[in-house]
Amino acid sequence: MNARKARLKRAAERARTQAALDAMASATPQLVGSHGGHDYFKVGDALVLVPVLLDRYPPELKAAVDRRRRASLTGSCDCGGGRRLDRKSRVVHTHENDCPAADDNLNAIAEQYGLAFDRVF
């Protein structure tokens with residue numbers, strides 16, 4: 001494949017992925033099931049995995065996990081962060097540095113209570 005065809009292929013893939021993200025933004029999440037500490041939701045044509053929100057979590061951790069779930073399902077976070085494509089057309093979730101739903105902050109809160117969150121993706 002020459003460079004021009006490769007660029008066209010990447011552009012087409014980026015357009016498809018962006019269209020899927022746009023469709024997710026207007027879709028209502030539908031719970032599909034739960035397994036292995038995660039809830040599975042259908043959002044548009046995508047399957048989104050989010051951590052289960054357990055009643056036994058301390059309030060600070062419960063609030064952080066709830067924010068993370070809502071950000072993952074809706075594409076936007078209370079901190080102003082959201083879902084976007086990076087330069088390689090991968091979907092990434094961004095959060096402000098002080099947001100409890102950001103990876104490092106959520107993990108730090110969980111560690112305070114002797115828990116750990118493993119990313120599935």
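One-based numbering along the sequence shown. Predicted, not measured: the structure shown is a model, and the values here were computed from it.
Cluster annotation: Tyr40 is not connected to Met24 through the hydrophobic network of ILVMFWY side chains, with a link wherever side-chain heavy atoms come within less than 4.5 Å. Residues Val43 and Val52 do not share a hydrophobic cluster, clusters being chains of Ile/Leu/Val/Met/Phe/Trp/Tyr side chains in contact below 4.5 Å.
The backbone N or O of Gly82 sits nowhere less than 3.5 Å from a side-chain atom of Ser76 that would complete a donor-acceptor pair. Under the 3.5 Å distance criterion, the side-chain polar atoms of Asn105 are matched with a main-chain donor or acceptor of Asn97.
Side-chain contact between Arg67 and Asp78 is present, with heavy atoms from C-beta onward closer than 4.5 Å. Considering only heavy atoms from C-beta on, Leu106 comes within 4.5 Å of Leu61 through its side chain. A heavy-atom distance below 4.5 Å is found between the side chains of Leu53 and Arg69. Taking 4.5 Å as the limit, every side-chain heavy atom of Lys42 sits out of range of all side-chain heavy atoms of Leu31. Taking the side chain as every heavy atom from C-beta outward, Leu115 and Tyr57 approach each other to under 4.5 Å. Two residues are said to be in side-chain contact when any heavy atoms from C-beta on lie closer than 4.5 Å; Arg10 and Lys88 fail this criterion. Two residues are said to be in side-chain contact when any heavy atoms from C-beta on lie closer than 4.5 Å; Pro29 and Val48 fail this criterion. The closest side-chain heavy-atom distance from Leu47 to Phe41 is not below 4.5 Å.
Atoms NZ and CZ, on Lys9 and Arg4 in that order, are 15.5 Å from each other to the nearest 0.5 Å. Atom-to-atom distance recorded for His38:NE2 and Leu49:CG is 6.0 Å, nearest 0.5 angstrom. In this structure, the separation between OG on Ser26 and CG on Leu21 is 11.0 Å, given to the nearest 0.5 Å.
Counting only N and O atoms by type, the side chains of Gln18 and Asp22 include a donor and acceptor under 3.5 Å apart.
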Quick one, Val92 with Arg83, criterion side-chain contact (heavy atoms from CB on, under 4.5 Å). Give me CA distance, side-chain angles, the key distance, then yes/no. CA-CA 6 Å; Val92 294; Arg83 192 170 33 220; over 6 Å; no
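With Asp103 as reference, Arg68 is the one residue of His95, His93, Arg68 to meet the side chain to side chain contact (heavy atoms under 4.5 Å, CB included) rule. Checked options Asp39, Asp66, Val65; the residue passing with Pro51 is Val65 (criterion: side chain to side chain contact (heavy atoms under 4.5 Å, CB included)).
Of all the heavy atoms in Lys62 and Leu54, the pair that sits closest is CE-O, 3.5 Å. Closest heavy-atom contact between Glu60 and Gln112: OE1-OE1, 3.4 Å.
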